[in-house]
Amino acid sequence: MRWTLPLHVAVAAYAGLFAVLDVVGPMMSTGVTEPRRFFVWIVIQGLIVWRLSRGSAIAWTFGLLLAIGPLALVLLAATGFDQAVPVVVIVSVAQAGLLLTQPLRGLVFSERQTSPPASA
């Protein structure tokens, strides 16, 4: 028997990883520290998680871009690394991995029937 990750657990874990980034982010020099921007960032994250739980392909795409983006920035950064960088890399890889699991891909990219079947 193959074990699969329940959908609600995958979405909750994805949201939890956003929370980890919200805690670690201000420790980095590039983190969002202004309260108004931080609030807007929290709202954006909440909208992504909410729409992802409803099967939005757009939210899934934005979530994947937000997971891959920090990895690209870390690789492109020529400056020194601080203690928060490994955490950001691990969380970003975990977020991308969760988004690429079968439950979330299946929710977003499932064959949905939008109209009733034609009668014979």
Side-chain angles (χ1 to χ4, degrees):
M1 184 171 149
R2 187 175 163 190
W3 181 80
T4 60
L5 184 67
L7 180 63
H8 63 280
V9 173
V11 173
Y14 181 74
L17 291 170
F18 262 142
V20 170
L21 285 180
D22 292 338
V23 171
V24 174
M27 292 181 211
M28 298 178 65
S29 59
T30 60
V32 178
T33 56
E34 184 181 323
R36 186 175 179 175
R37 287 184 183 177
F38 187 73
F39 176 74
V40 169
W41 180 239
I42 296 292
V43 169
I44 290 170
Q45 290 174 352
L47 287 173
I48 289 173
V49 170
W50 172 64
R51 290 304 304 160
L52 182 63
S53 69
R54 302 288 185 242
S56 171
I58 294 172
W60 185 88
T61 303
F62 277 122
L64 191 60
L65 289 174
L66 288 175
I68 294 172
L71 293 174
L73 290 175
V74 166
L75 293 174
L76 294 174
T79 60
F81 296 108
D82 56 1
Q83 296 91 357
V85 171
V87 175
V88 170
V89 169
I90 291 168
V91 169
S92 296
V93 168
Q95 278 185 322
L98 275 172
L99 287 172
L100 295 173
T101 59
Q102 178 56 37
L104 287 177
R105 280 187 301 125
L107 174 69
V108 173
F109 298 111
S110 66
E111 296 293 327
R112 296 184 193 160
Q113 190 172 357
T114 56
S115 61
S119 299

Would you check, one step at a time, whether the test side chain to side chain contact (heavy atoms under 4.5 Å, CB included) holds for Q45 with D22? CA-CA 10 Å; Q45 290 174 352; D22 292 338; 2.7 Å; yes
Where A94 and L17 come nearest, the two heavy atoms and their spacing: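 Looking at all heavy atoms of both residues, the closest pair is CB-CD1, 3.7 Å.
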Are [X] and [Y] linked, directly or through other ILVMFWY residues, by side chains that come within less than 4.5 angstrom of each other?
X	Y	answer
V20	V9	yes
L100	I90	no
F18	L65	no

Can you tell if the side chain of S92 reaches within under 4.5 Å of the side chain of V88, non-hydrogen atoms only?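 Yes, side chains in contact.
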Counting C-beta onward and ignoring hydrogens, is there a side-chain heavy-atom pair between I48 and Y14 closer than 4.5 Å?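 Yes, at least one pair of side-chain atoms sits under 4.5 Å.
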Please report the interatomic distance [atom1]([X]) to [atom2]([Y]), rounded to the nearest 0.5 Å.
X	Y	atom1	atom2	answer
L47	I42	CG	CD1	11.5 Å
L99	L66	CG	CG	9.5 Å
L71	I68	CG	CD1	7.5 Å
L107	W60	CG	CH2	11.5 Å
L21	Q95	CG	CD	5.0 Å

Under a 3.5 Å distance rule, please check whether S56 uses its side chain to pair with a backbone N or O of L52 as donor and acceptor.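 No; judged by distance alone, with no hydrogens or angles, the pair does not exist.
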In sequence, state the C-alpha distance, the side-chain angles, and the governing distance for V11 and L98, and then conclude on side chain to side chain contact (heavy atoms under 4.5 Å, CB included). CA-CA 8 Å; V11 173; L98 275 172; over 6 Å; no
